Amino acid sequence: MDTLTVHGGNPLSGRIAVRGAKNLVPKAMVAALLGDSPSRLRNVPAVSDVDVASGLLELHGVSVSAGAEDGELVLDPSQVEQADVAEVNAHAGSSRIPILLCGPLLHRLGRAFIPDLGGCRIGDRPIDFHLEALRQFGAVIEKAPDGLHLSAPHGLRGTKLSLPFPSVGATEQVLLTAVTAQGTTELRNAAVEPEILDLIAVLQKMGAIISVHTDRVFRIQGVERLRGFVHRALPDRIEAASWASAALATGGNIDVLGAKQGDLTTFLNVFRTVGGEFDVHDAGIRFWHPGGPLHSLALETDVHPGFMTDWQQPLAVALTQATGLSILHETVYENRFGFTEALVSMGAVIQLYPECLGATPCRFGQRNFLHSAVISGPTKLQGADLTIPDLRGGFSYLIAALTAHGTSTVRGVDLINRGYENFEDKLSALGASIS
Ligand code: UD1
């Protein structure tokens with residue numbers, strides 16, 4: 001059930017649509033907890049991370065139902081209650097969403113619980129920034145065998161914080177906690193990803209007062225109450241870029257309806273440098289391989305507005321088809337090149353290095369993390385037996401299998417449902433030979 005047989009070697013061509021961003025939607029759903037009236041979230045994709053968020057909210061007494069519009073969720077937080085710890089533990093599985101419930105639950109109920117967290121196995125993915133921020137707001141955190149129990153005996157108060165790294169999750173944590181904390185919060189070194197700015201838009205609709213200053217500084221003036229929101233989630237720029245890389249790697253032509261140029265500027269520059277062509281139109285962006293050789297390049301992943309780490313793996317597959325040496329320096333996660341081993345087994349020539357092979361020395365230099373990759377191309381890929389390691393790596397395996405000659409068996413494809421809506425239907429619509 002969880003295995004796809006992929007017959008590669010054919011260009012992917014056709015039109016597909018992307019919906020709301022997986023990296024925004026569950027957070028906006030959590031924000032609904034803070035309202036005193038129901039919220040409506042639109043453009044929600046049918047991905048399993050949304051199901052996990054729905055389940056967790058339901059465990060806390062929020063009713064989640066389908067709205068009138070396709071892809072609309074109605075979230076009613078009027079009956080919020082403490083969830084059973086064992087049920088949260090069982091339901092959360094490998095998801096990291098429970099940690100973002102902390103601020104809103106501490107406000108609403110005075111207590112919260114974080115089970116042992118999972119998420120994609122890419123580096124340690126610690127939560128120290130989250131916990132430190134919550135402590136600064138006045139939360140008390142107790143460690144127990146089943147997870148972390150949090151309380152706020154004196155309520156949550158605004159504070160001055162500075163993140164050691166502009167973490168997306170920790171910035172969201174601060175926003176979701178500060179909006180109804182007493183007094184003003186100043187956050188320095190905040191993440192400014194488009195999904196964060198969209199979450200700020202959601203919170204502003206609810207009545208929050210958040211100002212975004214230059215140099216990654218946010219100021220949040222706590223308010224007493226927030227109401228529900230109506231919001232259309234911004235499109236998923238990671239899914240859009242994944243399909244663009246699939247078009248490039250397979251020599252195809254994919255029109256991605258819903259793709260938004262403004263959130264993809266950095267990706268589009270790289271796509272063009274590698275030799276891909278694109279056309280931005282009113283409904284989306286069409287990406288294609290114009291024929292002829294692709295060009296190698298040197299690239300560093302970075303926080304926004306840099307080249308996003310989640311764009312890296314799908315692009316790496318396309319770079320195996322580019323002429324010359326490409327250099328990738330991963331500066332956001334220390335361990336995001338594990339997926340290249342499978343590409344090498346398919347015939348790619350990729351070598352990993354612990355050094356920072358880029359202009360910017362990063363946090364992972366001199367620490368034995370294999371966080372730089374050199375890809376030599378072009379190489380012919382051959383079909384292989386693959387087991388999916390994580391969400392983005394998993395989609396890259398599919399692209400590699402579709403690029404390769406021969407048949408591949410790709411196991412563990414369920415993981416891809418976490419972030420790619422109906423990916424099997426979309427692949428079929430693009431002419432992929434899968435079963
Ligand atoms: C989010 C995205 C993920 C994306 C990432 C970076 C979601 C659901 N996921 O993940 O797709 O790749 O942003 O754009 O939105 N860190 C710590 N301590 C912490 C928190 C983070 O050291 O408490 C480190 C992480 O280990 C990592 C870096 O900070 O090295 C960035 O992580 P972060 O931005 O928090 O990623 P997520 O929010 O988990």
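First listed ligand is number 1; within each ligand, the first listed atom is number 1. Residue indices begin at 1 and follow the sequence shown. Being a predicted model, the structure only gives us computed values, none of them experimental. Just so it is clear, the values below take in all heavy atoms, side chains as well, and ignore hydrogens, waters and symmetry mates.
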What do we get for D310 next to ligand 1 when only non-hydrogen atoms under 4.0 Å count, side chain, backbone, both or neither?
side chain
Under-4.0 Å heavy-atom contact with ligand 1, by part of H304 that carries it
neither
For ligand 1 and F165, I'd like to know whether there is a polar contact (N/O to N/O, distance under 3.5 Å).
no
Is the CD atom of E81 crowded by more than 12 outside heavy atoms at less than 6.0 Å?
yes
Between E330 and S372, a side-chain donor and acceptor under 3.5 Å:
no
The answer for which part of R336 has a heavy atom under 4.0 Å from ligand 1 is side chain
Quick one: is the NZ or CZ of R363 closer than 6.0 Å to the six-membered ring centre of F165, and within 45° of its axis?
yes
Please check whether N23 reaches ligand 1 - meaning an N/O of the residue sits under 3.5 Å from an N/O of the ligand, judged on distance alone.
yes
For ligand 1, which part of K22 has a heavy atom less than 4.0 Å away: the side chain, the backbone, both, or neither?
side chain
Hey, is D128 touching ligand 1 through its side chain, its backbone, both or neither, going by heavy atoms under 4.0 Å?
both
G169 N/O to ligand 1 N/O under 3.5 Å:
yes
Will you find, in the side chains of R219 and H213, an N or O donor that is under 3.5 Å from an N or O acceptor?
yes
Is the closest basic N to carboxylate O distance between E334 and R367 below 4.0 Å?
no
Give the contacting part of E132 toward ligand 1: side chain, backbone, both or neither, where contact means a heavy-atom distance below 4.0 Å.
neither
Give a yes-or-no answer on whether the side chains of H304 and E193 include a donor-acceptor pair shorter than 3.5 Å.
no
Where the closest heavy atom to atom 15 (O) of ligand 1 is concerned, which of K27, Q312, E195 has it?
K27
Any N or O on E334 sitting closer than 3.5 Å to an N or O of ligand 1?
no
Charged N-O contact under 4.0 Å between R227 and D36
no
Heavy atom to atom 14 (O) of ligand 1, shortest distance: which of T171, V168, I97 holds it?
V168
Using a 6.0 Å cut-off, check whether atom CZ of R15 has over 12 heavy atoms from anything other than its own residue.
no
Count the heavy atoms of every other residue, nucleotide or ligand shown that sit under 6.0 Å from CZ of R135, and state whether that count exceeds 12.
yes
Report, as yes or no, whether the 6.0 Å neighbourhood of atom CD on E58 holds more than 12 heavy atoms from other residues, nucleotides or ligands.
yes
CD (Q204) with more than 12 external heavy atoms under 6.0 Å
no
Give the atom numbers and elements of ligand 1 that come within less than 4.0 Å of a heavy atom of H130.
23 (O)
Which ligand 1 atoms does V332 reach within 4.0 Å, using its non-hydrogen atoms?
27 (C), 28 (C), 30 (O), 31 (C)
Does only the side chain of R96 get under 4.0 Å from ligand 1, or the backbone, or both, or neither? Count heavy atoms.
side chain
In terms of its nearest heavy atom to atom 35 (O) of ligand 1, the top option of P126, A170, S167 is S167
Using heavy atoms and a threshold below 4.0 Å, how should the contact between F129 and ligand 1 be classified: side chain, backbone, both, or neither?
both
